[in-house]
Amino acid sequence: MYSSESLSIKQWAEEDRPREKLIIKGKASLSEAELIAILIGSGTPKISAVDLAKTILAATGNDLNELAKLSLADLKKFNGIGEAKAIAIISALELGRRRKETEVVKKPKVSSSSDAYHYLKPHLMDLDHEQFWVLYLNRANQIIKPEMISAGGVSGTVVDAKLVFKKALEVLASGVILAHNHPSGNLQPSNQDVQLTKKIKAAGQTLDIPVLDHIIFTDDGYFSFTDESMM
């Protein structure tokens, strides 16, 4: 069995304990030993989870690639590492390996109303009822995510501006594009469309999340509030 000296985490300042440190300072502030300590959860009566993690790392030359090569049986040789903790470590390292193999998908960028319209086509094409969508964008005008905010009847749908910006704050959006379809095929905005756009735009200005456009979608074309100088 491998062994190490004791150091109780309970004696540390709260911001230096791995879980608390992650919450207060963020994941990047944690050392590799602290991250592993979170995985294993607890040490033994004689050794803290962090010191146990340090022992494991030291045995592999502080090389995560070497650590990833250890088998379940290898990890269980460390005093304080049972099957469940060994499985947690192996699973986390395997996720890291798979992430490296996963190709980074480039987020689509919206540079014009036409880009927004064509991006929304798969979502809004051929619908017989109205849906209201929002494209949440980062500072580079790349789409973080599309989100349907509401769905209604043939002639309208209710939209809550609070929901629009609740989600914008959740994904840290730097801008939004509004969109809804007109199943009738009429491209012209209604008075309700105009008033809603003004209301959501004003809310965005308060939150410093600009509303860049409002697209009225039909299967045969679209109307852009920005292109028509109505924003």
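What you are looking at is a predicted structure, and each value in this text was computed from that prediction instead of being measured.
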Task: Between CG on residue Asn138 and NZ on residue Lys145, distance to nearest 0.5 Å - done: 14.5 Å

Task: Side chain Tyr117, main chain Ile216, donor-acceptor under 3.5 Å - done: no

Task: Least distance between heavy atoms, Pro146 atom then His123 atom - done: CG-NE2, 4.4 Å

- [ ] Report yes if some heavy atom in the side chain of Asn141 is under 4.5 Å from a heavy atom in the side chain of Asp115; otherwise report no.
- [x] no

Open item on the list: Please give me the minimum heavy-atom distance between Ile144 and Leu172, naming the atom from each residue.
Closed with: CD1-O, 4.2 Å

TODO: Look only at the side chain of Asn181 and the backbone of Gln131, and say whether a donor-acceptor pair between them is shorter than 3.5 Å.
DONE: yes

Open item on the list: Tell me whether Ile89 shares a hydrophobic cluster with Leu64, the cluster being built from Ile, Leu, Val, Met, Phe, Trp, Tyr side chains joined at under 4.5 Å.
Closed with: yes

Task: Leu70 side, atom CG; Lys76 side, atom NZ - distance, nearest 0.5 Å - done: 14.0 Å

- [ ] State the CD-CD1 distance between Glu20 and Ile23, to the nearest 0.5 angstrom.
- [x] 6.0 Å

- [ ] For the pair Asp51 (side chain) and Ile47 (backbone), establish whether a donor and an acceptor sit closer than 3.5 Å, ignoring hydrogens and angles.
- [x] no

Open item on the list: Can you give me the closest heavy-atom contact between Ser150 and Val159, atom names plus distance?
Closed with: OG-CG2, 3.7 Å

Open item on the list: A side-chain contact here means heavy atoms from C-beta on lying under 4.5 Å apart; do Ile149 and Lys167 qualify?
Closed with: yes

Open item on the list: Under a 3.5 Å cutoff, is there a donor and acceptor pairing between the side chains of Asp213 and Ser113?
Closed with: no

Open item on the list: When you measure from the side chain of Thr226 to the backbone of Leu212, do you find a donor-acceptor pair of N or O atoms at a distance under 3.5 Å?
Closed with: yes

TODO: Taking the side chain as every heavy atom from C-beta outward, state whether Lys121 and Phe217 have any pair of such atoms under 4.5 Å apart.
DONE: yes

- [ ] Check for a donor-acceptor pair, side chain of Lys85 on one end and backbone N or O of Ser42 on the other, with a separation under 3.5 Å.
- [x] yes

Task: Note, His182 side chain near Asp193 side chain (heavy atom, < 4.5 Å) - done: yes

TODO: Check whether any side-chain heavy atom of Glu130 lies under 4.5 Å from a side-chain heavy atom of Pro183, and answer yes or no.
DONE: yes

Open item on the list: Pair Leu52, Asn79 - check side-chain contact (heavy atoms from CB on, under 4.5 Å), show working.
Closed with: CA-CA 8 Å; Leu52 179 52; Asn79 186 23; 5.9 Å; no

TODO: Kindly indicate, with the supporting measurements, whether the criterion side-chain contact (heavy atoms from CB on, under 4.5 Å) is fulfilled by Gln142 and Leu137.
DONE: CA-CA 5 Å; Gln142 293 174 313; Leu137 311 178; over 6 Å; no

TODO: Drop me the distance from Thr55's OG1 to Phe78's CZ, to the nearest 0.5 angstrom.
DONE: 7.5 Å

Task: Joint hydrophobic cluster, Met125 plus Val110, side-chain heavy atoms closer than 4.5 Å - done: yes

Task: Closest heavy-atom pair and its distance - Val211, Phe165 - done: CG2-CZ, 4.1 Å

Open item on the list: Evaluate Ile38 against Leu30 for side-chain contact (heavy atoms from CB on, under 4.5 Å), listing each step before the verdict.
Closed with: CA-CA 10 Å; Ile38 290 175; Leu30 272 65; 3.4 Å; yes

Open item on the list: Taking Leu196 as the starting point, is it possible to reach Met230 by hopping between hydrophobic residues whose side chains are less than 4.5 Å apart?
Closed with: yes

Open item on the list: When you group the ILVMFWY residues by side-chain heavy-atom contacts below 4.5 Å and let the links chain together, are Leu72 and Ile56 in the same group?
Closed with: yes

TODO: Using only heavy-atom distances, determine whether the side chains of Asp63 and Thr60 contain a donor-acceptor pair under 3.5 Å.
DONE: no

Task: Minimum-distance pair of heavy atoms, taken over all atoms of Leu178 and Phe132 - done: CB-CZ, 3.9 Å

Task: Side chain Asp219, main chain Asp126, donor-acceptor under 3.5 Å - done: yes

- [ ] Determine whether Leu169 and Val134 fall in the same hydrophobic cluster, where Ile, Leu, Val, Met, Phe, Trp and Tyr are linked whenever their side-chain heavy atoms lie under 4.5 Å apart.
- [x] yes

Open item on the list: Can you confirm whether or not the ring centre of Trp133 sits under 6.0 Å from the ring centre of His180?
Closed with: no

Open item on the list: How close do Val176 and Tyr136 get, counting heavy atoms only, and between which atoms?
Closed with: CG1-CD2, 3.5 Å

Task: Residues Thr197 and His214: side-chain donor-acceptor under 3.5 angstrom - done: yes

Task: Interatomic spacing from CZ in Arg19 to CZ in Arg17 - rounded to 0.5 Å - done: 11.0 Å

Open item on the list: Return the CD to CD distance between Glu170 and Glu147, rounded to the nearest 0.5 Å.
Closed with: 8.5 Å

- [ ] Kindly indicate whether the side chain of Ile215, heavy atoms from C-beta on, has any atom under 4.5 Å from the side chain of Phe225.
- [x] no

